[in-house]
Chemist: 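Below you will find the structure I want to go over with you.
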Amino acid sequence: MTIEITNETAESQNVNFIKEIIIQDLKDGKNDGRVATRFPPEPNGYLHIGHAKSIILNYGLAKEFGGTFNVRFDDTNPVTEDPEYVNSIIEDIKWLGAKFEGRLFYASDYFEQMYEWAVELIKKGLAYVDDLTPEQLKEYRGDYNRPGIESPGRSRSVEENLELFERMKNGEFADGSMLLRAKIDMSSPNMNLRDPIMYRVLHRHHYRQGDKWCIYPMYDFAHGYEDSIEGITHSICTLEFENHRPLYDWFLDNVSIKYRPRQYEFARLNLNYTVMSKRRLLELVEKKYVSGWDDPRLPTICGIRRRGFTASSICSFAERIGVAKRNSTVDIGLLEHAIRSELNETAPRVMGVLNPLKVVITNFPEDETISFEAPLFPDKPEMGTRIVPLTREIYIEQDDFREDPPKKYFRLSPGAEIRLRYACLIRCTGVVKNADGTIKHVECTWDPESRGGTSPDGRKVKGTSHWVSAKFGVKVTTRLYDRLFNVENPMDQEGNYLDYLNPESLVVNDNCVVEPFVATVEPGTRWQFERMGYFYADPVDSEKGKPVFNRIVTLKDSWVKVEQKQQTAPPATAPKAEEKPAEDYITIDDFNKIKLVVGKVLTAEGVDGADKLLRLTVDLGESKPRQVFSGIKSAYPDPSVLINRNVIVVANLKPRQMKFGLSEGMILASQSGKSLAVLFADASMNPGSPVS
RNA sequence: UCGGGGAUCGUCUAAUUGGCAGGACAAUGGGCUCUGGUCCCAUCAGUCAAGGUUCGAGUCCUUGUCCCCGAGCCA
């Protein structure tokens, strides 16, 4: 039953506007019922979670409609591109689970065909070679309010254009000296249509084509053709390309192509507390604010992976945020929720103390060890156990002890008793301090009757702490990651976004102690350190018997909220009732606007299909009585007692259409505790008389 | 200033295309608990504004406001 509901919600959430278009296209028999999508990265940087959204969208669409999904490197600019990025991009797409065997393509493989189409456009008189300098080009283009000026090159003959373009291709011109432009409209309000550049001269080595080409096509010219060649049906890109769609269409409509794709745009993903642009990411990496492209604080796919996120959690995140055209910034909490809810199901529970505080159990034999068998999944004990040793000296979390505990603190404090998870109950009997007043260790006694952690006499123990044997515990390093920036949108702040980096986005902690079992854990596995968070045994820095743990995400912690509230709330004497009106939600003036009149109840009856509602007709001294619905049936099981009584009606409300009819007012009633009663007016008053 | 897009709970996103504004996250309250976790229940909360059409408007019309994108030989 639960599963059905989940499926329903998942499905209904999944229908975004692009899917709707596809469903309609299929219904209309377009594209022979074919669905073909693609993800076209430029190999000039690492993929981030915004790309993941696009990959999952495109791949998901293809998969759902039995279509195909291509990965195509849009490698039309050898200046910025580097084969180094190709491998990382492929790795990231594969990791996400998008399959594209046999469907990996390169735009550069289409250069020959594109060249032919360019020639075709020249022959049709729709393209020309231009020799404007970059400065002139800019000047001739005009601006938003001023139409552009046609370049002298625009009037060249077809023959001359053909010859010049040939020579461009043959390397006779220097970089930047010649261009091939489309002849469209220099006065178009869409700047993209002011004779856009199709080819530029670039004497550069291409990582796939070598030195075969010295002219390279521009995105607008190339992209639609790439899609056409691959038979892409739905070419999905981000919003900033909306203005380019007319161009996409123009190039496709003016040459002889076999297949005509369509472009659709959706809003790119923005996340708060981070930055997403390639430029910013590159700067963070190059200036060493982070350790590399896979720094676990980065929103790059490799960073998220290194942090310990799973691909499936990214997918469920992508499904939750949906696809739309409105710019938005998704709360990073949604991503955290996605990984928490998965790891809650899949991550085994173990114990690790992040900030150790030594506890000596004074009545525990010096050399004795008691072994407890603790479940890896407390809610599913059949999933396996491990052995946890208890000794006289243990470590607990510093946060789990307070010498001077605040209210509602259920953890260890002098005289208090807590449970050591899976082990026993201990009571604090003393605090031993260093000369400087800091705590050296805490002394406790244990109740030998409470072995296993159950209280022998049924006494209540509210706090449970995780712990590690001092003798058998293993020291490990954890890296505690937090949001990269301490403001929601670093780019919207005064000054440089780098000023808002969170200095505590990474805390390396070498003093953690984990139970012995944890030291044997394989790199690349995920664990919940009980009460602390989910951790990932780093696949790179872990060594045999000495794992290094990345904190993926903390557990939700409602204690910090309780404590914060205690600290901020104390003056509870503040007159709360007076605060609201002062906030100008409702003023005396508003009250004065309410028109209260006496109404005589003419009829009163229950309403079929509504168990709380009464239908009343009330005479307000107007030309005809009003119908009013009121949720007071529980107080008047026999509605007829209301007939002929005078009640108070709010007369100047906007009539409200209800399922059962129009409600033209509101009966005043009062509710105190469980008793509900209509406010009656003096029987001697005439219907319609004002009430103050 | 011109062109293109957009505006629904705090956040993200739905609404059978004119018919009870729903879900998720967050928050709040409660229950449960050997994790102050999970889980369960409940609550809070929204149609940018003003007019108009209509029995009925988030949806249609008019006017306005605000936000995003656009003047790379980048993609």
Side-chain angles (χ1 to χ4, degrees), chain A residues 8-10 12-13 15-16 40-42 44 74 76-77 79-81 132-134 137-138 141-148 175-181 188-194 197-202 216 218-220 222-223 237-246 265 267 272 278 319-338 340-341 344-345 349 351 374 378-379 408-411 418-423 425 452-455 461-466 528-533 554-563 657-659 662:
Chain A
E8 272 172 32
T9 36
S12 59
Q13 264 199 345
V15 233
N16 54 61
E42 187 190 13
N44 69 346
D74 206 0
T76 58
N77 185 358
V79 178
T80 56
E81 293 153 12
L132 254 33
T133 64
L137 192 76
K138 187 175 162 63
R141 188 153 36 221
D143 58 39
Y144 298 144
N145 307 301
R146 188 166 47 96
D175 286 8
S177 62
M178 285 289 176
L179 294 167
L180 184 68
R181 300 176 72 184
S188 170
N190 182 343
M191 304 286 288
N192 294 314
L193 297 178
R194 318 248 260 228
I197 297 165
M198 294 162 57
Y199 275 91
R200 73 281 217 194
V201 178
L202 246 30
Y216 290 91
M218 297 283 289
Y219 170 89
D220 284 316
H223 205 85
C237 62
T238 46
L239 248 31
E240 67 267 28
F241 290 100
E242 243 168 346
N243 293 331
H244 296 243
R245 187 169 1 113
E265 309 87 12
N272 56 13
K278 274 183 187 173
E319 271 159 33
R320 275 164 199 278
I321 59 174
V323 177
K325 292 197 72 152
R326 133 184 34 154
N327 295 313
S328 60
T329 301
V330 174
D331 193 320
I332 193 98
L334 229 48
L335 220 205
E336 292 172 353
H337 174 261
R340 276 199 195 103
S341 65
N344 181 48
E345 297 298 319
R349 315 291 140 114
M351 293 193 286
D379 298 332
K408 298 206 182 154
Y409 186 83
F410 303 149
R411 282 114 95 145
I418 62 161
R419 171 183 296 106
L420 294 181
R421 183 85 162 143
Y422 307 121
L425 305 182
T454 48
S455 79
V461 180
K462 274 198 153 176
T464 298
S465 283
H466 57 284
Q528 186 196 106
F529 288 8
E530 289 205 51
R531 310 206 304 135
M532 292 287 104
T554 60
L555 255 33
K556 284 212 286 188
D557 186 351
S558 54
W559 162 241
V560 296
K561 285 176 200 163
V562 172
E563 196 178 19
Q657 183 62 49
M658 301 181 69
K659 188 178 176 183
L662 195 65

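The chains referred to below are lettered A, B, ... by the order of the sequence lines, with proteins before strands, and numbering in each begins at 1.
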Chemist: For a quick check of understanding: with a heavy-atom distance under 4.0 Å over all strands, which category does A:D220 fall into, base, sugar-phosphate or nothing?
Modeler: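 The answer is nothing, as A:D220 stays clear of every strand by at least 4.0 Å.
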Chemist: Report which part of the nucleic acid A:Y409 touches: base, sugar-phosphate, or nothing (heavy-atom distance under 4.0 Å, all strands).
Modeler: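 Contact class for A:Y409: base.
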Chemist: When the C1' atoms of B:A57 and B:C39 are considered, how many whole Å apart are they?
Modeler: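 About 41 Å, rounded to a whole number of Å.
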Chemist: Taking the C1' atom in each of B:U63 and B:A26, what is the distance between them to the nearest angstrom?
Modeler: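 Nearest-Å result for B:U63 against B:A26 at atom C1': 37 Å.
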Chemist: Go through B:G36, B:C73, B:G5 for me and flag the one nearest to the A:I197 side chain.
Modeler: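 So the side chain of A:I197 is nearest to B:C73.
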Chemist: Donor-acceptor pair under 3.5 Å: do we get one between A:N243's side chain and the base of B:C69?
Modeler: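 Answer is yes: a donor-acceptor pair is held.
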Chemist: Between B:A14, B:A75, B:C68, which nucleotide has the shortest distance from any of its atoms to the side chain of A:N327?
Modeler: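 Given the options B:A14, B:A75, B:C68, the side chain of A:N327 is closest to B:C68.
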Chemist: What is the ring orientation for A:Y219 with A:F241, classed by angle as parallel under 30°, tilted 30 to 60°, or perpendicular over 60°?
Modeler: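 Taking A:F241 first and then A:Y219, their aromatic rings sit tilted (interplane angle of 30° to 60°).
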Chemist: Write down the distance separating the P atoms in B:U53 and B:G58, rounded off to the nearest Å.
Modeler: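 Going atom to atom, P in each nucleotide, I get 16 Å.
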Chemist: Closest approach to the side chain of A:I321, judged atom by atom: which nucleotide of B:G37, B:C12, B:C69 is it?
Modeler: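 The nucleotide sitting nearest to the side chain is B:C12.
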Chemist: Would you tell me if any nitrogen or oxygen in the side chain of A:K278 comes within less than 4.0 Å of OP1 or OP2 on B:C74?
Modeler: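 Checking A:K278 against B:C74: no side-chain N or O falls below 4.0 Å of OP1 or OP2.
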Chemist: Which residue, A:L132 or A:T454, contacts RNA chain B at a nucleotide closer to its 5' end, judged by nearest heavy atom?
Modeler: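 Result of the comparison: A:T454.
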Chemist: Taking only N and O in the side chain of A:R181, is any of them less than 4.0 Å away from OP1 or OP2 of B:C73?
Modeler: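 Negative; the distance criterion is not met.
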Chemist: Mind checking A:M532 for me? I need base, sugar-phosphate or nothing, with any heavy atom below 4.0 Å counting as a touch.
Modeler: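 Contact class for A:M532: none.
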Chemist: Heavy-atom nearest nucleotide on RNA chain B for A:R419 versus A:R245: which residue maps closer to 5'?
Modeler: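 First, find each residue's nearest nucleotide; the 5'-ward one identifies A:R245.
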Chemist: Does A:R326 have a side-chain nitrogen or oxygen under 4.0 Å from the phosphate oxygens OP1 or OP2 of B:U13?
Modeler: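 Answer yes for this pair, as a side-chain N or O of A:R326 is under 4.0 Å from OP1 or OP2.
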Chemist: Does a nitrogen or oxygen in the side chain of A:T329 sit under 4.0 Å from OP1 or OP2 of B:C12?
Modeler: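 Indeed not, no polar side-chain atom of A:T329 lies that close.
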Chemist: Does OP1 or OP2 of B:U28 have a side-chain N or O of A:K561 closer than 4.0 Å?
Modeler: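 Yes.
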Chemist: Can you give me the closest heavy-atom contact between A:M191 and A:G142, atom names plus distance?
Modeler: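 Residues A:M191 and A:G142, closest heavy atoms: CE-O, 3.7 Å.
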Chemist: Which listed nucleotide (B:G37, B:G5, B:C73) is nearest to the side chain of A:L137?
Modeler: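 Out of B:G37, B:G5, B:C73, the nucleotide with an atom closest to A:L137's side chain is B:C73.
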Chemist: Checking contacts here: which listed nucleotide (B:G36, B:G72, B:G70) is nearest the side-chain heavy atoms of A:K138?
Modeler: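 Closest nucleotide among those given: B:G72.
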Chemist: B:U13 and B:U65: how far apart are their C1' atoms, nearest whole angstrom?
Modeler: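 Going atom to atom, C1' in each nucleotide, I get 24 Å.
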Chemist: Should A:T80 be listed as having a side-chain N or O under 4.0 Å from OP1 or OP2 of B:A75?
Modeler: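 Answer no for this pair, as no side-chain N or O of A:T80 is under 4.0 Å from OP1 or OP2.
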Chemist: Can you tell me the Watson-Crick or wobble partner of B:C32, both distances under 3.5 angstrom?
Modeler: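 Its partner: none found.
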Chemist: Ignoring backbone atoms, establish whether A:S328 has a side-chain N or O less than 4.0 Å from OP1 or OP2 of B:U13.
Modeler: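 Yes, A:S328 has a side-chain N/O under 4.0 Å of OP1/OP2 on B:U13.
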Chemist: Check whether any side-chain heavy atom of A:N192 lies under 4.5 Å from a side-chain heavy atom of A:P246, and answer yes or no.
Modeler: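 In short, these two side chains do not touch, never coming nearer than 4.5 Å.
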Chemist: Once you apply the 3.5 Å cut-off to both distances, tell me the Watson-Crick or G-U wobble partner of B:C2, or none.
Modeler: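 Matched B:C2 with B:G70 under the 3.5 Å cut-off.
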Chemist: Check every strand shown and say whether A:L179 touches a base, only sugar-phosphate, or nothing at a heavy-atom separation below 4.0 Å.
Modeler: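 Base: the residue A:L179, judged by heavy atoms under 4.0 Å, touches a nucleobase.
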Chemist: How is A:L555 classified with respect to the nucleic acid when contacts are heavy atoms under 4.0 Å: base, sugar-phosphate, or nothing?
Modeler: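 The answer is base, as A:L555 lies within the cut-off (heavy atoms under 4.0 Å) of a base atom.
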Chemist: Have a look at A:R141 and say if it touches a base, only the backbone sugar-phosphate, or nothing, with a 4.0 Å heavy-atom cut-off.
Modeler: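 Since only primed, P, OP1 and OP2 atoms lie under 4.0 Å of A:R141, the category is sugar-phosphate.
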Chemist: With a 4.0 Å limit, can you tell me whether A:R531 has a side-chain N or O closer than that to the phosphate oxygens OP1/OP2 of B:G36?
Modeler: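 Answer yes for this pair, as a side-chain N or O of A:R531 is under 4.0 Å from OP1 or OP2.
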Chemist: B:G3, OP1 or OP2 - any side-chain N/O from A:N190 closer than 4.0 Å?
Modeler: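 Answer is no, no contact under 4.0 Å.
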Chemist: For the base of B:U35, is there a side-chain donor-acceptor partner from A:Q528 under 3.5 Å away?
Modeler: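 Side chain to base: pair found, below 3.5 Å.
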Chemist: Please determine, for B:A7, whether a Watson-Crick or G-U wobble partner exists with both distances under 3.5 Å, and give it or none.
Modeler: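 Matched B:A7 with B:U65 under the 3.5 Å cut-off.
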Chemist: Out of B:G36, B:C12, B:C25, which nucleotide sits closest to the side chain of A:H337?
Modeler: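 Ranking B:G36, B:C12, B:C25 by closest atom to the A:H337 side chain puts B:C25 first.
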Chemist: Check whether any side-chain heavy atom of A:R421 lies under 4.5 Å from a side-chain heavy atom of A:R531, and answer yes or no.
Modeler: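 Result no, sub-4.5 Å side-chain heavy-atom pair not found.
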Chemist: B:G36 base to A:R411 side chain: any donor-acceptor pair below 3.5 Å?
Modeler: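 Checked by distance alone, the answer is yes.
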Chemist: So, OP1 or OP2 of B:G36: does either fall under 4.0 Å of a side-chain N or O from A:K462?
Modeler: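 Answer is no, no contact under 4.0 Å.
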Chemist: Just to confirm, is there a sub-4.0 Å distance from OP1 or OP2 of B:A75 to any side-chain nitrogen or oxygen of A:R200?
Modeler: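 A:R200 to B:A75 OP1/OP2: side-chain N or O found under 4.0 Å.
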